[in-house]
Amino acid sequence: MTGRQYGCIYVVGGGSNAEYLNQVTAKYTGRTVYAGPGEATAIGNLLVQMIYDQRFGGLKEARECVKQSFEIKKYEK
């Protein structure tokens with residue numbers, strides 16, 4: 001639809017806990033699926049507040065903190 005190509009798929013929130021769905025998505029799209037964290041809305045809200053309060057230097061630093069703090073499952077094609 002958009003004409004853009006993506007190398008992988010990220011699933012966050014409640015859907016990240018649907019192991020079968022994530023495996024099937026990887027299989028039929030031919031893309032690696034990264035799933036997690038499950039509480040993405042709450043985490044995102046907290047990150048915005050922490051960026052505003054200058055606890056992080058910016059979005060890149062905040063994303064790295066999430067990556068290091070929560071389990072992200074990987075589903076291969």
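Because only heavy atoms are used, hydrogens play no part in the values below, and waters and symmetry mates are left out as well, while side chains stay in.
- Within the 4.5 Å cutoff, side-chain heavy atoms of F56 are placed close to those of L47.
- Contact detail for A35 and S16: the closest heavy-atom pair is CB-O, 3.6 Å.
- Remark: K27 pairs with no residue by the side-chain contact (heavy atoms from CB on, under 4.5 Å) rule, at least two apart or across chains.
- For the residue pair K77 and G30, the shortest heavy atom distance occurs at CD-O, 2.8 Å.
- Between F70 and I43, the closest side-chain pair of non-hydrogen atoms falls below 4.5 Å.
- Using a 4.5 Å cut-off on side-chain heavy atoms (C-beta onward), V33 and C8 make no contact.
- For Y28, the OH atom is loosely surrounded, since the number of other residues' heavy atoms within 6.0 Å does not exceed 12.
- Residue Q23 places its CD atom among more than 12 non-hydrogen atoms of other residues, nucleotides or ligands, all under 6.0 Å distant.
- With values rounded to the nearest 0.5 angstrom, I9 atom CD1 is found 3.5 Å from T29 atom OG1.
- With N45 contributing its side chain and T41 its backbone, the two residues share no donor-acceptor pair below 3.5 Å.
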Just list the side-chain donor-acceptor pairs under 3.5 Å for residues 62-69, sequence neighbours left out, or say none.
{"unit_1": "E64", "atom_1": "OE2", "unit_2": "Q68", "atom_2": "NE2", "d": "2.9"}
{"unit_1": "S69", "atom_1": "OG", "unit_2": "C65", "atom_2": "O", "d": "2.7"}

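- Cluster annotation: I72 and Y10 are assigned to the same hydrophobic cluster (Ile/Leu/Val/Met/Phe/Trp/Tyr, side-chain heavy-atom contacts under 4.5 Å, transitive).
- Of the inter-residue distances, the one linking K74 atom NZ with N22 atom CG reads 14.0 Å to the nearest 0.5 angstrom.
- Considering only residues two or more places apart in sequence or on other chains, Q54 meets the side-chain hydrogen bond (donor to acceptor under 3.5 Å, both in side chains) condition with none of them.
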* **Trace of the side chain to side chain contact (heavy atoms under 4.5 Å, CB included) decision for Q5 with R31** => CA-CA 11 Å; Q5 296 288 321; R31 304 283 188 264; 3.5 Å; yes
